[in-house]
Amino acid sequence: MARCLGGDVSAFEELYRQHAARLYSLACRMLGNRSDAEDLLQDIFLLAYRKLDHFRGESTLATWLYRLAMNVCLDHLRSRAARMGQVTDSLDDDGRGIRAPAGSDSPPDRALVRLDLERGIAALPEGCRAAFLLHDVEGLEHHEIATILGIAEGTSKSQVHKARMKLRAFFRRTPSRTATGA
Amino acid sequence: MTCAECRELVGELIDGTLAPDRRADVQAHVGVCAACRSLEEDFAAIRRAAAGLERPAPPDGLWMQIAGRIKSDPAFKGRTAARPPSWTMGARWLAAAATLVVVVVALAWMVFRGQGPGGGQEQPGRQAPPATRQSDVASGGDAQLVESVESELRLAEGHYEKAIAGLEKIAKANERTLDPQVAATLQKNLTVIDQAIAESRAALGSQPESRPAQESLFEALRRKVSLLQDTIVLMNEMRKGDQAGAARIVEGLNKS
Ligand SMILES: [Zn+2]
């Protein structure tokens with residue numbers, strides 16, 4: 001940390017090696033594609049380098065980086081939505097608007113379930129997608145997610161609940177490929 | 001407990017965050033209500049599947065691009081300018097030199113990876129010695145460090161030279177990928193750095209103990225390595241056809 005602040009790029013590289021994979025996979029799933037995630041991962045670490053002296057140690061470094069990464073991703077999604085004239089947060093609670101995977105007669109298959117889960121996650125509204133990724137994929141706790149997303153702990157809980165309900169509705173459309181096969 | 005209440009709490013049941021009395025209530029309801037049990041099973045399956053999702057790895061060259069952007073960033077220049085001179089100069093340069101060997105190997109792999117068996121046979125990184133030996137030297141006791149600073153400086157210089165030779169070899173093998181104008185800029189920068197290296201060596205020759213002369217030699221060597229690294233990343237971007245990435249690196253080169 002002190003070495004990073006002293007301008008030592010190799011110390012900052014250690015920080016990159018520790019956190020890049022986590023932040024990259026989060027960005028891939030938040031943005032829905034790898035090439036945007038690569039660009040934003042660069043922005044995230046450049047920003048982290050610039051802001052490192054603002055890190056006060058009130059949260060862990062991992063939480064601080066998650067927060068920074070989420071802000072960069074959400075800003076990007078909002079500007080992308082503005083450019084494309086899309087409203088990203090318009091899905092109803094019954095899961096309408098999530099396109100169910102194509103029907104298949106094959107037995108439940110782990111790879112297919114994973115693929116469907118990725119599709120289901122990509123179709124979630126960004127607020128509950130963020131909370132779901134941090135909680136169920138990254139394994140963080142609600143109080144950490146509250147810090148990262150700047151929301152109340154109760155909001156984090158309800159967003160994760162909402163995401164799970166939508167994903168369940170998504171899987172239930174195709175009985176042959178339910179999540180219970182995983 | 002009603003189904004509506006149970007639905008709200010079943011997520012916390014599978015997360016294991018319910019208080020014991022609440023947990024007993026929810027479990028009792030789930031035990032007798034098929035609809036709520038099915039919800040519990042589905043939530044648990046979603047959570048399991050989510051936790052088992054693969055973590056895609058960032059592409060190998062990404063750090064080099066980030067490092068390139070950091071080095072041309074005002075925040076970096078501010079921090080390196082503010083860095084006080086250190087009496088452990090030898091140890092620091094040695095550590096930096098040791099990590100270089102790893103960087104050369106990584107760059108060689110990155111550049112030659114996509115080139116088929118012909119390109120793959122020539123791996124300049126192979127000439128690099130194992131990194132563990134140098135870090136052993138770098139982690140010695142303080143007193144010992146002071147005594148052996150001079151020999152370490154020589155050792156560090158040797159590592160720099162090895163790294164530079166490796167990088168030059170990679171760059172040479174790929175020079176056709178570069179735009180002639182960019183290549184000319186690079187060559188001009190290299191000439192300036194080589195001149196600085198020659199001058200520092202001359203100064204060290206007449207005053208071997210001079211700390212400023214040692215520092216300026218290592219600074220020049222470091223600049224040369226950094227320029228060669230940028231060159232190789234640039235070649236890689238050009239081959240991949242990543243114009244935006246290449247443009248960023250060229251921008252950085254012009255600033256340095
Ligand atoms: Zn019930």
Side-chain angles (χ1 to χ4, degrees), chain A residues 4-10 12-13 16-17 20-29 34 37-39 41-46 49-53 110 113-114 116-118 120-121 132-133 135-139 141-142 157-158 160-161 163-165 167-168 170-172 178-182, chain B residues 7-12 14-15 17 38-39 41-59 61-84 86 92 95-96 98-100 102-103 222 226 229 242 244-245 248:
Chain A
C4 294
L5 287 172
D8 185 342
V9 178
S10 69
F12 194 69
E13 183 176 1
Y16 173 85
R17 301 279 168 221
R22 256 199 303 259
L23 299 181
Y24 178 68
S25 63
L26 182 70
C28 284
R29 294 192 168 106
R34 291 190 182 199
E38 284 171 29
D39 288 346
L41 194 68
Q42 291 195 33
D43 295 347
I44 289 162
F45 276 96
L46 186 63
Y49 185 81
R50 284 183 191 151
K51 290 188 162 193
L52 211 53
D53 39 6
R110 276 166 199 275
V113 167
R114 269 207 296 274
D116 287 347
L117 182 58
E118 297 278 16
I121 290 170
F132 178 80
L133 286 174
H135 190 271
D136 279 16
V137 179
E138 299 298 321
E141 291 178 22
H142 288 295
K157 282 183 189 171
S158 67
V160 171
H161 183 76
R164 287 171 174 171
M165 289 299 276
L167 289 170
R168 181 182 191 237
F170 175 76
F171 281 113
R172 291 239 141 191
T178 55
T180 44
Chain B
R7 270 200 299 277
E8 289 306 311
L9 294 173
V10 78
E12 293 195 62
I14 64 146
D15 292 339
T17 52
S38 145
L39 184 66
E41 285 165 1
D42 285 354
F43 272 16
I46 287 169
R47 198 189 142 110
R48 248 194 333 269
L53 283 180
E54 277 158 28
R55 182 166 278 174
L62 207 62
W63 165 250
M64 292 307 291
Q65 293 187 38
I66 293 170
R69 286 177 72 185
I70 285 175
K71 283 179 189 168
S72 58
D73 197 76
F76 174 72
K77 290 181 176 147
R79 279 173 199 168
T80 44
R83 192 164 58 191
S86 160
R92 214 183 64 211
T99 63
L100 267 178
V102 179
V103 170
R222 192 194 59 75
S226 164
Q229 285 174 343
D242 183 350
R248 265 200 300 272

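Quick note on labels: first sequence line is chain A, next is B, and so on, each numbered from 1.
- For chain A, the option among B:P74, B:A44, B:P59 with the highest count of heavy-atom pairs below 4.5 Å is B:P59.
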When you look at B:L39 and A:M165, which way does the side-chain contact (heavy atoms from CB on, under 4.5 Å) test go after all the steps? CA-CA 9 Å; B:L39 184 66; A:M165 289 299 276; 3.9 Å; yes
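- With sequence neighbours left out, A:A27 forms a side chain to side chain contact (heavy atoms under 4.5 Å, CB included) with A:L31, A:A37, A:C73.
- Here the side chains of A:F45 and B:I70 are not in contact, with every heavy-atom distance at 4.5 Å or above.
- Looking at B:I14, only its side chain comes within 4.5 Å of chain A, counting heavy atoms on both sides.
- Remark: B:D15 engages A:R164 in a salt bridge, criterion side-chain N to carboxylate O under 4.0 Å.
- For A:E141, no part lies near chain B; criterion is any non-hydrogen pair under 4.5 Å.
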For side-chain contact (heavy atoms from CB on, under 4.5 Å), just list the numbers for A:F171 and B:D42, CA-CA rounded to whole Å, side-chain angles, deciding distance to a tenth of an Å, and then say yes or no. CA-CA 9 Å; A:F171 281 113; B:D42 285 354; over 6 Å; no
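- When all heavy atoms are compared, the tightest approach of B:L62 to A:Q42 is CD1-NE2, 3.6 Å.
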Just do the side-chain contact (heavy atoms from CB on, under 4.5 Å) check on A:V160 and B:F43 with the steps written out, would you? CA-CA 11 Å; A:V160 171; B:F43 272 16; over 6 Å; no
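- Using a 4.0 Å cut-off between a side-chain N of Lys or Arg and a carboxylate O of Asp or Glu, A:K157 and B:E8 do not qualify as a salt bridge.
- Proximity of B:R69 to A:D43: side-chain heavy atoms (C-beta onward) are separated by under 4.5 Å at one or more points.
- A search for side chain to side chain contact (heavy atoms under 4.5 Å, CB included) contacts involving B:A57 returns nothing, not counting sequence neighbours.
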Could you go through A:H135 and B:R47, starting from their C-alpha distance and side-chain angles, then the distance that decides it, and tell me whether this counts as side-chain contact (heavy atoms from CB on, under 4.5 Å)? CA-CA 9 Å; A:H135 190 271; B:R47 198 189 142 110; 3.5 Å; yes
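- The shortest non-hydrogen separation linking B:I46 to A:R168 is CD1-N, 3.7 Å.
- The CD atom of B:Q65 lies 10.5 Å from the CG atom of A:L41; values are rounded to the nearest 0.5 Å.
- Both the backbone and the side chain of A:R22 come within contact range of chain B, with heavy atoms under 4.5 Å apart.
- Note: B:A50 leads B:G11, B:A67, B:A50 in heavy-atom pairs under 4.5 Å with chain A.
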Kindly indicate, with the supporting measurements, whether the criterion salt bridge (Lys or Arg N to Asp or Glu O under 4.0 Å) is fulfilled by B:R55 and A:E138. CA-CA 10 Å; B:R55 182 166 278 174; A:E138 299 298 321; 2.8 Å; yes
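- Interface remark: A:L23 contributes no atoms to any contact with chain B (heavy atom separation under 4.5 Å).
- B:P58 and A:A21 make their closest contact through CD-CA, 3.9 Å (heavy atoms, listed as atom of the first residue, atom of the second, distance).
- Contact detail for B:E54 and A:R29: the closest heavy-atom pair is O-NH2, 2.5 Å.
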